[in-house]
Every structure is written in structure tokens, then in C-alpha cells.
Amino acid sequence: MKIGLRWFGHSTWMVNAGGSRILIDPFFNQNPSSPVKASEIKPHFILISHGHFDHMADAAEIANRSQCPVYCNYEIAQWLGRKHGVTNTIGMNIGGKARASFGELQMVAAVHSSGLPDGEYGGLAGGFVLRLGGTNDTHNLYYTGDTAVFGDMAHLARQGIDTMILPIGDLFTMGPEDSIHAIQLIKPKQVVPCHYNTWPPIAQDAQLWAESVRSETSSVPLVMNPGEQIEI
Ligand code: NI
Ligand code: MN
């Protein structure tokens, strides 16, 4: 199956799998890296990794306009309903799986926080493993969300990860050095960096990072530009 992956800068992604547009961590209008505005986006699914504004600032507007389901943790699902009238939510928690037309998604652990924009409790931060496609042709995509590197990531390597998306910005998440450790734990076929260069405190040299990935891991680094779409 052909899978398109588009980056909007920071940690916002659109996965296009068999015609299903899956929007991950919508942050457009206040995202200095994004070449598009939230109003231009119409997904079939929205996934939210945690409650921080730089991962869900535009979620409610896009969800209400697109009438698409929102997969997120239970606390964020409740908050979206109570505060923004978003009714089509699927509240999950760490370890839980859900079926969708594109395949399966599982919410997995992240080591991070998840406070909501108005200060409310936002549950636990997470990541997602997407098993895209059917039984004979599955592409496993691991989006770590915001996280530090942690040893329990390693168990995800057992299922075989084709593409890993991970942060390299440091300060709020793992930085470039720790990301190499995370890649060594997961051993994905290819790895895409994010959550860097959005603002000066998380500035990184992605080409330098890519050289380290090539010399210290067996994974192929794919460095993208904001707005770019690739096939994975
Ligand atoms: Ni965060
Ligand atoms: Mn973040």
C-alpha cells in the first residue's frame, strides 16, 4: 500500500493511507513552521498524543468542521466535548487499541506531561503505533509523540517498526543524542525527525543528526521540510 506522509512543521503530520487522511497533533495557526492554516485541512481522522497546545491547538475547530472522529486519551476526549462541543471522540488510554478503516491504532506510553491549554488535567501523554493496511501488507508507523527516551520503548521493536517519527528538539523532549539511543532500541527501517526548529530553544541541525543516524544505527534517516510530502 502506498502511504503518504506530510509534515507541517513542529509535530503536525498528515498520513494518507489508502485514501484515509489521518491528521496527527493539529497545530497550524500559531505554528511558525506551518505553510498552511487549519481552515485548509480536512482529515478523516484526528489523533492527539497529549494535551499541550502545540499538539492540539486547532483540534476542536478541525474536528467540528470536518465531523471526523478524534482519537485521544480519555481526559482530552472529555475536555473536547465539555469545552468545545466535540462529540465524535474516542477516548483511549495507554496500551489500548482501536480499529479504523485504515487499519489499527494503539496508544503507547510516552514519558512527558499533558496539561491542557486552560490548565485542566489532560491525562497521560502518549504516542501511537499505526498498523496501516491489511494483514498481508501492513506498514507499522510509530509516532512517539513528545517523550524522553525510555527503556520500555524497546518492546515495540518486537512487532517490527517500518517508520518511526520522533522528536529531536531537546529541552521539552529527547534531543539528538538521546534520539540515537531510541532508534537503536526500536530499529525502524526509516526514521523521521520532528519537534525541532519551530522556535529558537529547540533549534537543531537535522543534517548533523542524519549523519549520526547513518553512522550509529541501521535505520535510514528522512529529513523533511515543513510542507513537504513523501512516500513511506
Ligand atoms: Ni508536549
Ligand atoms: Mn510539544
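Ligands are counted one by one from 1 in listed order, and the atoms in each one are counted from 1 as well. Values reported hereafter were calculated over all heavy atoms of this structure, with side chains retained and with hydrogens, waters and symmetry mates removed. In this chain, residues are counted from 1 in sequence order. No experiment lies behind these values; they were computed from the predicted model shown.
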Q. Parallel under 30°, tilted from 30 to 60°, perpendicular over 60°: which one fits the rings of Phe27 and Trp199?
A. tilted
Q. Is a side-chain donor or acceptor of Gln106 paired with a backbone partner of Gly95 at a separation under 3.5 angstrom?
A. yes
(Q) Consider side-chain contact (heavy atoms from CB on, under 4.5 Å). Of Asp25, Asp54, Ile168, Leu166, which one does His195 pass it with? (A) Asp54
Q. Does His55 bring an N, O or S atom to within less than 2.8 Å of the Mn ion (ligand 2)?
A. yes
Q: Just say parallel, tilted or perpendicular for the rings of His55 and His50, cut-offs at 30° and 60°.
A: tilted
Q: For atom NE2 of His181, decide whether the heavy atoms of other residues, nucleotides or ligands shown that lie under 6.0 angstrom number more than 12.
A: no
Q: Mark yes or no for whether Thr163, through its side chain, and Leu141, through its backbone, hold a donor-acceptor pair below 3.5 Å.
A: no
Q | Where the Mn ion (ligand 2) is the vertex, angle from His195 NE2 to Asp54 OD2 to 10° | A | 90°
Q: Restricting to N/O/S, name the atom of Asp146 that gets closest to the Mn ion (ligand 2).
A: OD2
Q. Protein N, O or S atoms less than 2.8 Å from the Ni ion (ligand 1), ignoring waters?
A. His50 NE2, His52 ND1, His112 NE2, Asp146 OD2
Q | Ser11 backbone acceptor or donor facing Tyr143 side chain under 3.5 Å | A | yes
